[in-house]
Trainee: 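The structure's right below; bear with me while I get my questions together.
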Amino acid sequence: MNCEFCTISADNSGKDSCLLLFYADELLVKEQDGIILIPSVCDISLLNIETTNVHYSCSLNGTTYYAATLCEKTLFAGFSFKKLRQLSGHIADDCFEMTYRAFHIINWLKTNKFCGCCGKVMQVMRQPQEFSVQCPACGHTVYPRISPAIIVAVIKETEILLARSSRFPPGRYSVIAGFVEPGETLETCVKRELQEEVGIEVTNLEYFGNQPWPFPDSLMIAFTAQYASGDITIDNDEIVAADWFSATTLPKIPPKGSIARQLIEWFLEKQR
């Protein structure tokens with residue numbers, strides 16, 4: 001067992017801590033009687049696990065959570081690896097959000113090991129109101145990055161606009177999304193993305209909701225909108241297919257847990 005985990009257990013005054021152990025975008029979980037649980041220090045104390053980037057994540061419902069990166073993917077009896085997106089609906093919502101935060105921070109720490117100004121090794125700085133890394137040589141400070149992105153459900157009478165990205169699994173379609181550019185408002189970004197990717201104009205833009213999406217560091221801000229004009233013209237770069245779909249002709253759509261799925265389910269509810 002890693003010495004970091006021994007320190008964690010001791011620092012927690014005898015109370016058990018839980019460990020969010022990541023390998024790429026998968027989390028090591030404990031499966032017990034059909035229930036998915038986050039492993040505790042005691043759960044993995046006898047396993048030969050090599051980790052890096054061990055750090056405090058948060059405290060939730062009286063339990064302290066730490067996160068770490070697994071150096072290799074090894075299967076253990078009673079444990080399995082689950083992609084983060086698969087956990088929605090299988091663990092409590094607050095615990096699900098906490099795993100997303102931990103994954104975001106893990107990846108941010110990986111890409112900010114060295115100072116961008118002078119190249120020295122950065123030090124983690126944890127204060128009551130903030131979390132950052134700081135260069136001990138020049139003082140340059142970096143905070144966890146959040147990249148705002150829009151996602152929008154466009155409705156045309158009884159149909160919804162869905163598009164297929166070149167990055168999607170075979171057959172999957174979703175609503176249009178894109179990153180906000182410097183100097184843009186969210187509303188301007190929605191209109192630009194729709195014009196660039198599918199060639200249409202919209203009206204009646206309304207805020208729907210938002211969701212942290214740590215793949216790697218996005219905050220997805222969701223909108224609904226009404227079709228105004230234009231014919232679908234795909235860019236054949238990010239978008240390889242797009243069309244209008246009714247509630248009865250939907251293609252494969254994103255899995256539950258994503259805000260894209262929530263937007264599509266909102267559309268379906270409106271058609272009932």
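Excluded from the calculations below are hydrogen atoms, water molecules and symmetry mates; all remaining heavy atoms, backbone and side chain alike, are included.
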Trainee: May I ask you to decide if the ring planes of F22 and F103 are parallel, tilted or perpendicular, using 30° and 60° as cut-offs?
Mentor: tilted
Trainee: Can you classify the ring geometry of F79 versus F76 as parallel (below 30°), tilted (30 to 60°) or perpendicular (above 60°)?
Mentor: perpendicular
Trainee: With the side chain counted from C-beta on, respond yes when V175 and L162 share a heavy-atom pair under 4.5 Å apart, and no when they do not.
Mentor: yes
Trainee: On a heavy-atom basis, which atom in H104 and which in R145 lie closest, and how many Å separate them?
Mentor: NE2-O, 2.7 Å
Trainee: Please determine whether side-chain hydrogen bond (donor to acceptor under 3.5 Å, both in side chains) holds for the pair R172 and S174, giving the CA-CA distance in whole Å, both sets of side-chain angles, and the decisive distance to 0.1 Å.
Mentor: CA-CA 7 Å; R172 179 178 293 175; S174 186; over 6 Å; no
Trainee: Can you give me the closest heavy-atom contact between M98 and L60, atom names plus distance?
Mentor: CE-CD2, 4.3 Å
Trainee: Begin from the C-alpha positions of M220 and N210 and carry the test side chain to side chain contact (heavy atoms under 4.5 Å, CB included) through to its verdict.
Mentor: CA-CA 5 Å; M220 304 295 294; N210 66 88; over 6 Å; no
Trainee: Measure the shortest side-chain to side-chain distance between Y23 and L28 over non-hydrogen atoms and say whether it is less than 4.5 angstrom.
Mentor: no
Trainee: Could you tell me whether E26 and K82 make a salt bridge, using a distance below 4.0 angstrom between a side-chain N and a carboxylate O?
Mentor: no
Trainee: Any heavy-atom pair between the side chains of S229 and I200 that's under 4.5 Å?
Mentor: no
Trainee: Is any side-chain heavy atom of D217 less than 4.5 Å from a side-chain heavy atom of W108?
Mentor: no
Trainee: Does P254 reach the side chain of Y173, with side-chain heavy atoms less than 4.5 Å apart?
Mentor: no
Trainee: Using a distance-only test with no angle check, is there a side-chain donor-acceptor pair under 3.5 angstrom linking T99 and R101?
Mentor: no
Trainee: Mind listing the closest non-hydrogen atom pair of I264 and L250 along with its distance?
Mentor: CG2-CD1, 4.1 Å
Trainee: Please walk me through it: do S57 and Y66 pass side chain to side chain contact (heavy atoms under 4.5 Å, CB included)?
Mentor: CA-CA 5 Å; S57 181; Y66 293 85; 5.8 Å; no
Trainee: Which heavy-atom pair separates A163 from F168 by the least distance, and what is that distance?
Mentor: O-CE1, 3.7 Å
Trainee: Please confirm whether Y227 and W244 have ring centers closer than 6.0 angstrom.
Mentor: yes
Trainee: Side-chain contact test, heavy atoms from C-beta onward, threshold under 4.5 Å: evaluate it for L161 versus V152 and give yes or no.
Mentor: no
Trainee: Using every non-hydrogen atom in the two residues, find where D235 and E196 come nearest and quote the distance to one decimal.
Mentor: CB-O, 3.7 Å
Trainee: Of all the heavy-atom pairs spanning S218 and F179, show the shortest one and how long it is.
Mentor: OG-CE2, 3.3 Å
Trainee: Please check if the distance between the ring centroids of F267 and F245 is under 6.0 Å.
Mentor: no
Trainee: Set out, in order, the CA-CA distance, both residues' side-chain angles and the distance that settles side-chain hydrogen bond (donor to acceptor under 3.5 Å, both in side chains) for S80 and E31, then state yes or no.
Mentor: CA-CA 7 Å; S80 64; E31 298 193 69; 2.5 Å; yes
Trainee: For residues T141 and Q134, is any side-chain donor paired with an opposing acceptor at under 3.5 Å?
Mentor: yes
Trainee: Answer yes when R261 and E265 have at least one side-chain N-carboxylate O distance shorter than 4.0 Å, and no when they do not.
Mentor: yes
Trainee: Is a side-chain N or O of E193 found less than 3.5 angstrom from the main chain of I151, in a donor-acceptor match?
Mentor: no
Trainee: For residues F81 and L27, determine if any side-chain heavy atom of one lies less than 4.5 Å from a side-chain heavy atom of the other.
Mentor: no
